[in-house]
There are 2 protein chains.
Amino acid sequence: MNKLIEKLKDNDCKVTLQRIAIYETLKDSNSHPNAETIHKELSPKYPTISLATVYKSLELFVSLGLIQAINVEENSFRYDWKYKSHPHLICSACKKVEDLEIHPFSNLSHEAEILTGYSIEKQQLNFYGSCPDCIETS
Amino acid sequence: MNKLIEKLKDNDCKVTLQRIAIYETLKDSNSHPNAETIHKELSPKYPTISLATVYKSLELFVSLGLIQAINVEENSFRYDWKYKSHPHLICSACKKVEDLEIHPFSNLSHEAEILTGYSIEKQQLNFYGSCPDCIETS
DNA sequence: ATCCGTGCAAATTATTTGCATATGG
DNA sequence: CCATATGCAAATAATTTGCACGGAT
């Protein structure tokens, strides 16, 4: 949260209750929620917060490099409070999105740069399939 | 195109002029177009073709495994006539989407399966950055 | 005090759906 | 012929925008 406040101040953005609440909600969630889910989670505590504010704040956080947007195969974005891009595992059965923390997939961008002449800012690696729990159930 | 016709027949789907035209347009394009772009390209030749038909056909092709949908960082889908998933390079400046044909990134899914216990059906690897042309211009 | 952020509602954009008609097998 | 595809228009879903008011610096 200090990180949020610092980053906001550094960029002449105001530190508001809403922004803190949105960031905290995202940070405390392990489910890579989308804007609407975040809004729903906030509603009990902050009934007046608007969905538009959630969208605007998330967009701001992404542009400040505070969080990352991940584009799962729905046509809605999910958000990850970890700003550093890392692979995700997406279960097609239960729709959960997990981080793949231990990854041997870190230096792909560098290899791609050498191969292509692109200057790569970001990589996105998603694996789609069934998680162990869903395999068992089926 | 033979592939399309074969696949459609195998699945008791009708071979229509529209479907052929949509598939051909996608195949002849190197730009990984979205539904609307495909529709626009078809319009001069087939003025009556509807956008809904384009959407429906693309969805059908994806479900038959004929093409793949790729989710670039807009919230609209782009389509790739190559059904086998492979890495993409996305230029943030000119918005082009290129295939990364020669890739040392092929066995990632297998590694991920071993690491996670997931059964992985598909992987998506996108690199975002600036292409050589756009680097030069800037 | 000033300007930015918020909430609301309306606008936009992308996609999906229902249904009557047309057409391929 | 008959079922499936198509085209149209309306519906839905996701996101963005404009603007007046309130609050942070």
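Nothing here was measured: the structure is a model prediction, and the numbers come from that model. Proteins come first, then strands; the chains are lettered A, B, ... in the order of their sequence lines, and each starts at number 1.
Nearest approach of B:Ile70 to B:Gln124, heavy atoms of both residues: CA-OE1, 4.3 Å. Minimum heavy-atom separation, A:Asn71 to A:Asn126: O-ND2, 3.7 Å. B:Ile22 and B:Ser57 get closest at one heavy-atom pair: CD1-OG, 3.5 Å.
Counting to the nearest Å, the P atom of C:dG5 and the CG atom of A:Leu58 are 15 Å from each other. Note: OH (B:Tyr46) to C1' (D:dG7) measures 17 Å, nearest angstrom. The distance from atom CD1 of B:Ile22 to atom C1' of D:dA5 is 11 Å, rounded to the nearest whole Å. When the P atom of D:dG23 is taken as reference, atom CD of A:Gln18 falls 10 Å away, rounded to whole Å. As a whole-Å value, the separation of B:Asn11 CG from D:dA5 P is 11 Å. Atoms NZ (B:Lys14) and P (D:dA5) sit 6 Å apart, rounded to a whole Å. Atom pair B:Leu17:CG and C:dG24:P shows a separation of 8 Å (rounding to whole Å applied). In this structure, A:Asp12 places its CG atom 12 Å from P of D:dT25, rounding to the nearest Å.
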Give each protein N/O atom lying under 3.5 Å from an N/O atom of nucleotides 19-21 of chain C, with the pair distance.
none

Protein and nucleotides 12-16 of chain D: nitrogen or oxygen contacts under 3.5 angstrom:
{"residue": "D:dT15", "atom": "OP1", "partner": "A:Phe77", "partner atom": "N", "Å": "3.3"}
{"residue": "D:dT15", "atom": "OP2", "partner": "A:Tyr55", "partner atom": "OH", "Å": "2.6"}

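Of the candidate nucleotides D:dG7, C:dG7, C:dC4, C:dG7 has the atom nearest to the side chain of A:Ser50. Of all nucleotides listed (C:dC3, C:dG25, C:dT6), C:dG25 comes nearest to the side chain of B:Val15.
Summarising the geometry, atom NZ belonging to A:Lys27 is positioned 12.5 Å from atom CG belonging to A:Asp80; distances are rounded to the nearest 0.5 Å.
Between the A:Thr25 side chain and the A:Ala21 main chain, a donor and an acceptor come within less than 3.5 Å of each other. In this structure, the side chain of B:His39 does not engage the main chain of B:Thr53 through any donor-acceptor pair within 3.5 Å. Within the 3.5 Å criterion, the main-chain N or O of B:Leu60 finds a donor-acceptor partner in the side chain of B:Ser63.
Take the nearest nucleotide of DNA chain D for A:Lys9 and for B:Thr53: the residue whose nucleotide is more 5' is B:Thr53.
A:Tyr83 and A:Tyr23 fall into different hydrophobic clusters, where Ile, Leu, Val, Met, Phe, Trp and Tyr are joined by side-chain heavy atoms under 4.5 Å apart, directly or via other members.
Look at B:Thr16 and you'll find a side-chain N or O under 4.0 angstrom from OP1 or OP2 of D:dT6. Using a 4.0 Å cut-off, some side-chain N or O of A:Arg19 falls inside it from OP1 or OP2 of C:dT6.
The shortest distance between side-chain heavy atoms of A:Leu17 and A:Tyr46 falls below 4.5 Å.
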